[in-house]
Structure formats: C-alpha cells, structure tokens
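First up is the structure itself, then whatever we jot down about it.
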2 protein chains.
Amino acid sequence: MPTPAYNAFSAACPTREVLNLISGKWVGLTLTALAQGTQRYGELAGRIGGISHKMLTQTLRMLEQNGLVERKVTPTIPVTVDYSLTPLGSTLVPVVAAVKAWAEANVEQVRAAAASYEMPLGGGAETAALVAERASV
Amino acid sequence: MPTPAYNAFSAACPTREVLNLISGKWVGLTLTALAQGTQRYGELAGRIGGISHKMLTQTLRMLEQNGLVERKVTPTIPVTVDYSLTPLGSTLVPVVAAVKAWAEANVEQVRAAAASYEMPLGGGAETAALVAERASV
DNA sequence: CTGGATCCGAAACGATACTG
DNA sequence: CAGTATCGTTTCGGATCCAG
C-alpha cells in the first residue's frame with residue numbers, strides 16, 4: 001500500500017501516540033539541544049535550563065525507545081554516556097526547532113494579547129495567564 | 001532594542017510559557033482544524049475525534065486568551081458561536097501542521113523502533129510502548 | 001558520572017450531569 | 001447549540017536518596 005492515509009483527526013489513529021510523544025514538555029528542547037551534535041548527559045543537563053534529573057533521563061529514554069535518539073555507553077570509570085540523534089530523529093529536528101523559533105519570535109505578541117484580554121465579568125486585576133484553569137481553587 | 005534575544009534554553013525565559021501553551025495535547029489539532037476556515041463549536045468537536053467537551057472548550061479559551069483564536073458570539077436562539085484564527089494564530093498553523101504531518105508520515109518508523117527496542121534485562125514479552133512509565137505499578 | 005527508585009504535590013485529562 | 005460544574009483518574013514533574 002503506497003499511501004497509508006493516516007489521519008491524526010481520528011481518535012483511534014496511532015498518529016495520536018506519536019503526537020503525544022513529541023508534545024512532551026521537554027522533548028522539543030532536548031531534540032533541539034541534540035541538534036548541536038553528540039553530547040554527554042551532563043552537557044544536556046546544563047544546556048537545558050531548569051530540567052530536572054528525572055525528566056531528562058525519562059525524556060531521553062523515551063526518545064531512545066522510539067528511535068529518535070541513540071544512546072552509547074562507554075565502560076570507562078566512571079561510565080561515559082553519549083547521546084546523539086538517529087537519522088529519524090534528525091528529520092524531526094527542523095520541525096521542533098520551528099516551534100521553538102516561533103515561540104521565541106512571538107512571545108511578546110502572545111503576552112500582549114493575554115494582558116489585554118477582556119475579562120468576562122468582574123475586575124481586571126488578574127492577568128489572563130492565570131485565568132486558564134484556576135477554577136479548582 | 002531590535003533583537004530581544006529570547007532563548008528558550010533559559011529556564012526563566014518567558015518563551016517557556018509559550019512553549020508549554022502550544023504543546024498542549026489538543027492545541028495542534030485544534031489549530032490545524034481551524035486552518036480550514038471559520039467553524040462552529042460543534043463542527044470542531046466533530047472534526048477532532050476523541051476530544052472531550054471540556055478539553056475543547058478549555059483549549060479554545062486558552063487560545064483565545066493568548067491571541068491565537070477569535071471567538072464570535074451571535075445571539076440567535078440557540079446561540080451561535082464561530083471560531084476563527086487570528087493573524088497571529090495563522091502564523092502558527094504551518095508550524096503545528098508540520099508537526100502533525102511529521103507524525104503521520106513517521107508513525108510506522110516510530111512504532112517499528114519501539115517494537116524492536118531491546119529490553120535492558122529480563123524477557124522481551126512486553127512491548128516497549130508500555131515500558132516508559134510502568135514503574136509506579 | 002550517570003541514572004534508577006521512591007515519594008508526593010500539582011497539573012492535565014476525561015466522563016458525566018446540568019444549564020441558558 | 002454551546003457551554004459550565006464537578007468529580008475521579010492519570011500523568012507530569014521535582015526533590016531526595018541510593019547505586020554501579
């Protein structure tokens with residue numbers, strides 16, 4: 001079959017899993033960081049500000065399992081681990097880099113829009129950014 | 001200052017908020033659906049398979065607050081609500097569409113990689129897709 | 001150095017029921 | 001038709017401690 005005709009709008013489509021996979025909070029930054037070339041665990045941790053130990057490991061493992069990242073262990077003492085992009089992972093980099101670039105380029109417009117958002121009722125003392133899901137309080 | 005020099009790798013950078021915003025589970029599909037043109041609430045709900053009532057509303061509200069989507073209410077009986085992309089939102093569409101397209105194009109490769117993932121130890125009876133976060137059991 | 005294991009709070013998500 | 005409200009479940013994400 002030449003055209004698989006996957007359609008992400010279908011709830012049952014396996015594309016959904018892939019979509020959820022790459023929309024993880026740290027996936028984009030991790031892949032973008034790896035686009036700079038093979039790096040050690042510690043280098044990645046330093047480059048991606050604010051990522052916790054756990055999430056970096058978890059994200060890398062997940063990407064490895066799905067064929068986007070390669071993990072190479074060198075049994076030195078202490079052990080050395082290098083991470084690099086697979087060919088498949090490399091094809092995703094431009095995409096996530098575009099997302100990152102869009103975010104950086106449009107931060108101010110988004111913030112301006114959020115700040116000037118007209119509250120439905122009541123005082124406008126709160127910033128729109130906080131309104132999204134504060135109903136639980 | 002001409003170049004704001006936002007850098008998403010910095011933990012304190014406001015780009016992070018925008019990044020988290022557009023990496024929501026339903027944001028990409030919602031924006032892609034809206035790229036087809038102005039649509040009613042019900043149309044969107046039908047087009048985006050598997051989305052719950054709550055999440056569609058929540059996603060649309062969030063996008064509206066951040067200036068990506070416009071919401072127009074016509075006080076007919078019953079009420080009519082039309083959603084459309086703002087100019088800012090339109091600039092994001094190609095980006096999220098690329099993500100969706102990548103996912104659809106590479107589902108099989110990702111699944112193949114996940115299926116052939118070598119388990120660190122123990123039997124290989126389980127599929128890799130389940131290994132990611134089963135530690136809590 | 002690299003990361004596994006565990007605990008725990010905070011969100012995101014989803015199903016259902018109710019409303020104008 | 002287009003939501004809102006509520007509840008329960010799942011997942012996320014960080015801190016800490018431990019280990020090869």
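Lettering follows sequence order; numbering is per chain, from 1. Only this structure's heavy atoms are used, side chains among them; waters, hydrogens and symmetry mates stay out. Predicted model, so just to flag it, every value in this text is computed and none were measured.
Shown here are the salt bridge (Lys or Arg N to Asp or Glu O under 4.0 Å) partners of B:R111, two or more places apart in sequence or in another chain: A:E17. Looking at residues two or more places apart in sequence or on another chain, you find a salt bridge (Lys or Arg N to Asp or Glu O under 4.0 Å) between A:R61 and A:E64. Under the rule for a ring-ring contact (aromatic ring centres under 6.0 Å, His included), the partners of B:Y41 that lie at least two apart in sequence or sit in another chain are B:H53.
Under the 3.5 Å distance criterion, the side-chain polar atoms of B:T86 are matched with a main-chain donor or acceptor of B:G67. Between the side chain of B:E70 and the main chain of B:Y83, no donor-acceptor pair closer than 3.5 Å is present. For A:T91 (side chain) and A:L88 (main-chain N/O), a donor-acceptor pair under 3.5 Å exists by modelled atom type. Distance alone, capped at 3.5 Å, places no donor-acceptor pair between the B:N66 side chain and the B:L68 backbone.
In this structure, B:R71 does not reach the D:dA2 phosphate: none of its side-chain N or O atoms is under 4.0 Å from OP1 or OP2. For A:Y83 and C:dC1, the shortest distance from a side-chain N or O to OP1 or OP2 is not below 4.0 Å.
Nucleotide D:dA2 holds its P atom 12 Å from the CZ atom of B:R61, rounded to whole Å. The distance from atom CE of B:M62 to atom C1' of C:dC13 is 13 Å, rounded to the nearest whole Å. Spacing between atom CG of A:L56 and atom P of C:dT2 amounts to 10 Å, rounded to whole angstrom units. One atom, CD1 of A:I77, and another, C1' of C:dT2, lie 14 Å apart when rounded to the nearest Å. Between the P atom of D:dT6 and the CD atom of B:Q58 lies a distance of 15 Å, rounded to the nearest Å. Between the CD atom of A:E64 and the C1' atom of C:dG3 there is a distance of 13 Å, rounded to whole Å. Taking atom CG on A:L60 and atom C1' on C:dG3, their separation rounds to 11 Å, with Å as the unit.
Using a 4.0 Å cut-off on heavy atoms, the residues of residues 27-42 of chain B that approach DNA chain D are B:R40, B:Y41, B:G42, listed by number.
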Can you tabulate the close N/O pairs, meaning under 3.5 Å, that link protein atoms to atoms of nucleotides 14-20 of chain D?
unit_1 : atom_1 : unit_2 : atom_2 : d
D:dG14 : OP2    : A:S52  : OG     : 3.3
D:dG14 : O6     : A:K54  : NZ     : 2.5

Show which side-chain atoms of residues 28-36 of chain A pair as donor or acceptor with protein atoms under 3.5 Å away, not counting sequence neighbours.
unit_1 : atom_1 : unit_2 : atom_2 : d
A:T30  : OG1    : A:W26  : O      : 2.6
A:T32  : OG1    : A:G28  : O      : 2.6

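Residues B:E108 and A:Y6 have side chains that bring a donor and an acceptor to within less than 3.5 angstrom of each other.
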